[in-house]
Peer 1: 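Below is one structure. I have some questions about it.
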Amino acid sequence: MNGLKGMHHVTAITSSAEANYRFFTEVLGMRLVKKTVNQDDIQTYHLFFADDKGSPGTDMTFFDFPGIPKGIHGTNEIFRSAFRVPSDDAIDYWLQRLNRLEIKNDGIQQQFGKQTLSFVDFDDQQYQLISDEGNEGVASGTPWKNGPIPLEYAITGLGPISVRIHDFNYFKQMMEKVLMFTEIGQEGNNHLFEVGEGGNGAQVIVEENQEMPVAQQGYGTVHHAAFRIEDIETLHDWDQHYRKFGLQTSGYVDRFFFHSLYTRVAPQILFELATDGPGFMGDEPYETLGEKLSLPPFLENKREEIEGMVRHIDTVRSTKTFEKE
């Protein structure tokens with residue numbers, strides 16, 4: 001059975017799709033590559049921010065569930081998402097940028113030998129920038145060419161997710177025996193796990209924490225994280241693999257842009273496996289990715305109904321110029 005290849009995407013929850021779009025586009029300089037809806041809840045937007053080409057392993061996505069309360073961070077939570085930047089110099093650039101824009105951050109720190117910069121958005125969603133200086137392993141993506149960030153400093157993909165867990169011994173067994181990660185480092189109560197080619201794009205940081213209360217999901221928290229697999233055949237192999245360990249799965253799910261399998265691997269921790277393809281450019285040209293409401297074929301006959309449910313968000317960027325700093 002082919003193993004996991006690294007991060008595919010992270011999906012979180014926002015209080016405002018409009019504010020989320022502005023933050024990721026104008027502050028973080030990531031490209032909106034798909035504006036669609038939650039296929040299981042069609043009144044909810046699903047926005048995909050990624051690299052210049054919408055490459056797997058680069059996208060952070062968001063739901064804006066109507067009426068959902070604010071989440072509460074705690075244990076048993078995917079509590080932080082990370083983004084890769086090319087170098088330590090890029091981390092310095094981002095510290096100055098975040099401070100200038102008055103975005104709350106923890107300053108430059110070191111974690112597992114890498115320079116990092118942790119910060120939060122308007123929802124208290126937690127993020128971290130991680131330097132690829134000296135990094136080896138899974139290749140990163142291509143920064144958004146027409147975005148506001150100089151290319152030598154721009155975000156290129158996803159870094160390690162951080163999971164806070166109450167029962168670490170159980171989760172370590174899950175990571176190593178089921179998901180086939182290897183623990184490669186420890187700093188205090190933080191443990192670094194790696195899979196596949198390794199490096200910043202194929203790692204998970206697990207924090208053992210029995211002190212904090214259990215997290216409550218809502219806006220400002222992560223919904224699930226997804227790891228890359230090669231193809232549909234591999235997805236079916238993993239479905240059988242999970243079931244041998246007594247885990248329940250969603251079974252095969254066609255998301256049109258990729259094919260998926262969902263499994264809850266610990267209390268409140270939902271992991272998805274997702275294929276690298278077909279990708280985001282099957283229904284939109286490169287030049288205008290994310291500018292229209294994109295619907296998979298099985299929802300196209302409901303377009304009028306869906307467009308009546310979701311409010312219009314102006315995401316046209318092909319006619320605009322972002323000045324790079």
Side-chain angles (χ1 to χ4, degrees), residues 4-12 21 23-34 47-62 80-98 103 105 108-109 111-119 121 125-162 194-205 225-228 257-258 274 276-277 279-281 286 289-290 317 322 324-325:
L4 308 184
K5 299 167 64 177
M7 295 305 305
H8 188 282
H9 67 267
V10 176
T11 295
Y21 169 71
F23 186 82
F24 268 75
T25 303
E26 298 172 11
V27 175
L28 297 186
M30 293 180 69
R31 188 179 188 190
L32 181 69
V33 296
K34 198 59 57 180
L47 304 182
F48 289 75
F49 302 93
D51 75 345
D52 192 65
K53 304 173 183 178
S55 307
T58 70
D59 51 313
M60 180 94 190
T61 91
F62 287 86
R80 186 170 59 208
S81 310
F83 303 114
R84 298 167 67 178
V85 294
S87 64
D88 292 351
D89 286 345
I91 295 287
D92 292 335
Y93 164 86
W94 278 99
L95 177 62
Q96 296 178 48
R97 179 174 176 81
L98 295 182
I103 293 171
N105 68 81
I108 297 174
Q109 299 179 341
Q111 188 174 35
F112 293 109
K114 300 289 185 179
Q115 282 201 12
T116 64
L117 175 59
S118 296
F119 63 100
D121 70 4
Q125 185 81 238
Q126 299 186 15
Y127 308 101
Q128 183 183 72
L129 297 171
I130 184 167
S131 170
D132 269 348
E133 185 111 0
N135 182 64
E136 297 179 355
V138 174
S140 199
T142 304
W144 181 24
K145 295 177 182 178
N146 295 325
I149 310 299
L151 299 185
E152 64 269 29
Y153 303 135
I155 290 170
T156 59
L158 291 177
I161 57 168
S162 294
E194 187 173 73
V195 76
E197 295 179 36
N200 287 340
Q203 294 178 341
V204 173
I205 298 170
F227 300 96
R228 294 171 56 203
F257 309 112
F258 42 81
D276 279 353
F280 295 112
M281 286 193 275
Y286 165 84
L289 280 178
R317 290 142 296 143
F322 291 98
K324 296 188 187 299
E325 293 186 340

Peer 1: Report the residues that fulfil side chain to side chain donor-acceptor pair (under 3.5 Å) with Arg84, sequence neighbours left out, ordered by chain and then residue number.
Peer 2: Asp132
Peer 1: Taking side-chain contact (heavy atoms from CB on, under 4.5 Å) as the test, write out the residues that go with Gln128, two or more places apart.
Peer 2: Arg80, Ala82, Gln111, Thr116, Ser118
Peer 1: Once ring pair (Phe, Tyr, Trp, His ring centres under 6.0 Å) is applied, do any residues pair with Phe227, and if so which ones, sequence neighbours excluded?
Peer 2: Phe181, Phe271
Peer 1: Applying salt bridge (Lys or Arg N to Asp or Glu O under 4.0 Å), can you list everything that pairs with Asp51, at least two apart in sequence or on another chain?
Peer 2: none
Peer 1: The criterion is ring pair (Phe, Tyr, Trp, His ring centres under 6.0 Å); which residues satisfy it with Tyr93, sequence neighbours excluded?
Peer 2: Tyr153
Peer 1: Identify, with sequence neighbours excluded, every residue that meets ring pair (Phe, Tyr, Trp, His ring centres under 6.0 Å) alongside His8.
Peer 2: Phe258
Peer 1: Which residues satisfy the side chain to side chain donor-acceptor pair (under 3.5 Å) test with Glu194, sequence neighbours excluded?
Peer 2: Gln203
Peer 1: Listed by chain and number, what are the side-chain contact (heavy atoms from CB on, under 4.5 Å) partners of Leu158, not counting sequence neighbours?
Peer 2: Met7, Val10, Phe83
Peer 1: What residues form a side-chain contact (heavy atoms from CB on, under 4.5 Å) with Glu197, not counting sequence neighbours?
Peer 2: Val138
Peer 1: Who passes ring pair (Phe, Tyr, Trp, His ring centres under 6.0 Å) against Phe49, sequence neighbours left out?
Peer 2: Phe24
Peer 1: Could you work out, with side chain to side chain donor-acceptor pair (under 3.5 Å) as the rule, every residue matching Asp88, not counting sequence neighbours?
Peer 2: Ser131
Peer 1: Test of understanding: with side-chain contact (heavy atoms from CB on, under 4.5 Å), list the residues that count as partners of Leu151, not counting sequence neighbours.
Peer 2: Pro143, Lys324
